[in-house]
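The figures here come from the full heavy-atom set of this structure, side chains too, leaving out hydrogens, waters and symmetry mates. Each chain gets a letter, A, B and so on, in the order the sequences are listed, and its residues count up from 1.
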Amino acid sequence: MLYHLTELKEVEILNPLENGNFEATINYCSQHAPDFETVGSMIKRYGEITNGFDAQMRQQIDDSKLLNQKEASTPNTVITIRELGGYLQNVIAQVFLDNKPAHEGILEFIKNMHKHHSDDQELLSTDLPDWIISNAQHSALSQDFVTLITSLSAAHYYQKRNHSQGIQQHMEDTFREGHCPTCGLMPHFSVILGEEGYRIMECWLCGTRWRFSRLECPDCHETKQDKLGYFQTEAFKGCRISFCRNCEQYIKVFDLREWADKNPSLWILHLATLMCDDLAVNEGFMPVSRMLWHDPNSVDTIVSRQK
Amino acid sequence: MKLSRRQFLKVSGTAAATTTLYGIGFRDVAEGSYRQFRLHYAQEITTICPFCSVGCGIICHVRDGQIVNTEGDPDHPINEGTLCSKGSSLFNMSYVYDEKGNAVPNPNRVTQVLYRAPRSSDWEVVDWDWAIRTIADRIKKTRDETFITKNNNGVTVNRTPAISWLGSAMCNNEENYLFHKFARGMGLVNIDHCARL
């Protein structure tokens, strides 16, 4: 039986981690991904907390839904500092309630964020990666932790708000560019699915999925095959780092065709394979999405060399 | 400057309440201990299936100059990732499996020019230069011997009925055009092609 792209369309999303089959992906990762226990329990806890938060947020949005009706067809691509700070406080801080240094670090981070930015300052979706990197510089948290909490909360907030305005995570059938058709961001991960082996990109922020060529760099559109390549490790064979030697950037590709489930949650797979990001940066490649999990000062890549 | 093992996921500057992924359970990632694993670099190279005339696109996964896997090319307009059973087993053109299931180079693959002389029963290995030269000589000889300038009615035809010419489905449009042009130039009329699905 051939795999149809439309299968991906019917999803009711609670949070970005559930853009796909949550339980099945957790099970798969705990079998195949190394050292997944703590990460898995963190993800489960995140799921529990967001369920309550989502109900609360749905209530709020329902009241204001009438006001937003005019804008319903176009996604809102900005997020304010107030929204992001509130989300970090109400959800992410709760996830790390048991871990005292992490919990205090997040509260400190929120305080710092409000100190450096006004509450009404709007962040464009395409500015988010750079904003995340620059924010970690004057915070007590490390770059990787800041990237984790800010990207996850921004993604959840975007998806939830779009959902309330009638814009769901969806599959773009005809779009064939490297960037996200909805919010314009570069993707961080993609997946190879089905018997045909299409590469399907997923925007880490808004959850939109679209098809993209297997043998092309999404950023510089390099198609020369001797410039492109990939590597994978024995630690997690389903995760490839697909790189381009022209722009020295990489994108994660999950090849899960041997796994039966057709709709994996890419965010969970991404969190389970952060060591591949480490290895890729260690090999000298930067992420296409600019979602950097390292301290940019200590990374020697083409981007830092240009500065 | 490359990251050292310990530098990964550490905060810049001096911060007291540092929280890293290391602190929340990403232990092995934070210690960089996955760097001991070997990285398997590979390339994806596209090619065309050599079997029939449909010309399906195929991606070959190549590691250190050796094919490790083949699969249908999802971005190819003809097959969009699907392959027939012959095409799917294309990997076995270069590798076959021994009794233990290990892939070994296919011993039946023809990798050099073989020549069987007229009325001989054995194949002998010859080099390319000799083979091309001999083919050219024999085509020229046969053509010159059988060339017809005028047919029985006195009409100029300039043709040879003694040679037939077969095009290839593996070649693209332009190559087949050149083949055809060359065959017509020699005066051949028996021109055929295997693209007949």
Side-chain angles (χ1 to χ4, degrees), chain A residues 2 34-35 37-39 41-42 96 99 101-102 104-106 108 136-137 139-145 148 192 194-199 211 213-216 225-226 228-235 240-242 271 274-279 281-284 293-300, chain B residues 1-47 57-63 68-77 79-83 88:
Chain A
L2 291 184
D35 305 307
E37 294 81 17
T38 32
V39 185
S41 62
M42 189 203 88
F96 296 103
N99 190 331
E104 283 172 0
I106 293 169
E108 184 73 30
Q137 301 295 314
S139 112
L141 302 174
S142 68
Q143 176 68 55
D144 55 344
F145 196 68
L148 175 77
I192 295 178
E195 275 184 29
E196 294 93 337
Y198 295 131
R199 175 158 80 166
R211 218 186 106 186
S213 166
R214 283 269 296 274
L215 296 165
E216 187 176 342
Q225 289 166 8
D226 52 346
L228 303 170
Y230 69 85
F231 67 77
Q232 56 198 131
T233 71
E234 297 147 8
R240 288 181 196 161
I241 298 293
S242 181
L271 292 180
L274 284 182
M275 74 272 185
C276 293
D277 289 274
D278 169 36
L279 291 165
V281 174
N282 193 37
E283 294 288 301
W293 295 79
H294 295 67
D295 177 11
N297 295 327
S298 64
V299 179
D300 176 45
Chain B
M1 186 188 83
K2 286 264 162 132
L3 280 176
S4 74
R5 264 174 73 99
R6 287 275 161 187
Q7 267 175 315
F8 175 50
L9 305 184
K10 280 198 174 172
V11 73
S12 62
T14 51
T18 303
T19 304
T20 62
L21 289 188
Y22 179 83
I24 58 162
F26 290 75
R27 170 175 286 274
D28 287 60
V29 180
E31 288 209 308
S33 58
Y34 284 98
R35 294 189 192 157
Q36 65 183 325
F37 284 108
R38 255 187 74 203
L39 302 184
H40 296 294
Y41 272 86
Q43 269 182 306
E44 289 173 305
I45 308 286
T46 52
T47 185
I58 284 180
I59 296 180
C60 300
H61 295 252
V62 180
R63 183 179 298 159
V68 289
N69 193 16
T70 58
E71 59 174 310
D73 185 354
D75 304 312
H76 199 275
N79 58 329
E80 293 217 332
T82 56
L83 285 176
S88 324

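When each of A:Leu215, A:Thr233, A:Ile192, A:Ile106 is scored by its heavy-atom pairs under 4.5 Å with chain B, the top score falls to A:Leu215.
Pairing each heavy atom of B:Thr82 with each of A:Glu196, the nearest pair is CG2-CG, 4.2 Å. Considering every non-hydrogen atom in both B:Pro74 and A:Gly197, the closest pair reads CG-O, 3.1 Å.
Of the candidates A:Arg211, A:Arg214, A:Arg199, B:Asp75 forms a salt bridge (charged side-chain N to carboxylate O under 4.0 Å, His left out) with just one, namely A:Arg211.
Considering only residues two or more places apart in sequence or on other chains, B:Thr46 meets the side-chain hydrogen bond (donor to acceptor under 3.5 Å, both in side chains) condition with A:Gln225. For the side-chain hydrogen bond (donor to acceptor under 3.5 Å, both in side chains) test, residues two or more places apart in sequence or in another chain that qualify with A:Arg240 are A:Asp255.
Of the two parts of B:Leu83, neither the backbone nor the side chain holds a non-hydrogen atom closer than 4.5 Å to a non-hydrogen atom of chain A. With a threshold of 4.5 angstrom between heavy atoms, A:Leu228 approaches chain B through N, CA, C or O but not through any side-chain atom. Heavy atoms closer than 4.5 Å to chain A are found in the side chain of B:Glu71, but not in its backbone.
Aromatic ring orientation, B:Tyr41 versus A:Phe231: tilted (interplanar angle from 30° to 60°).
With rounding to the nearest 0.5 angstrom, the CG atom of B:Asp73 is 7.5 Å from the OG atom of A:Ser213.
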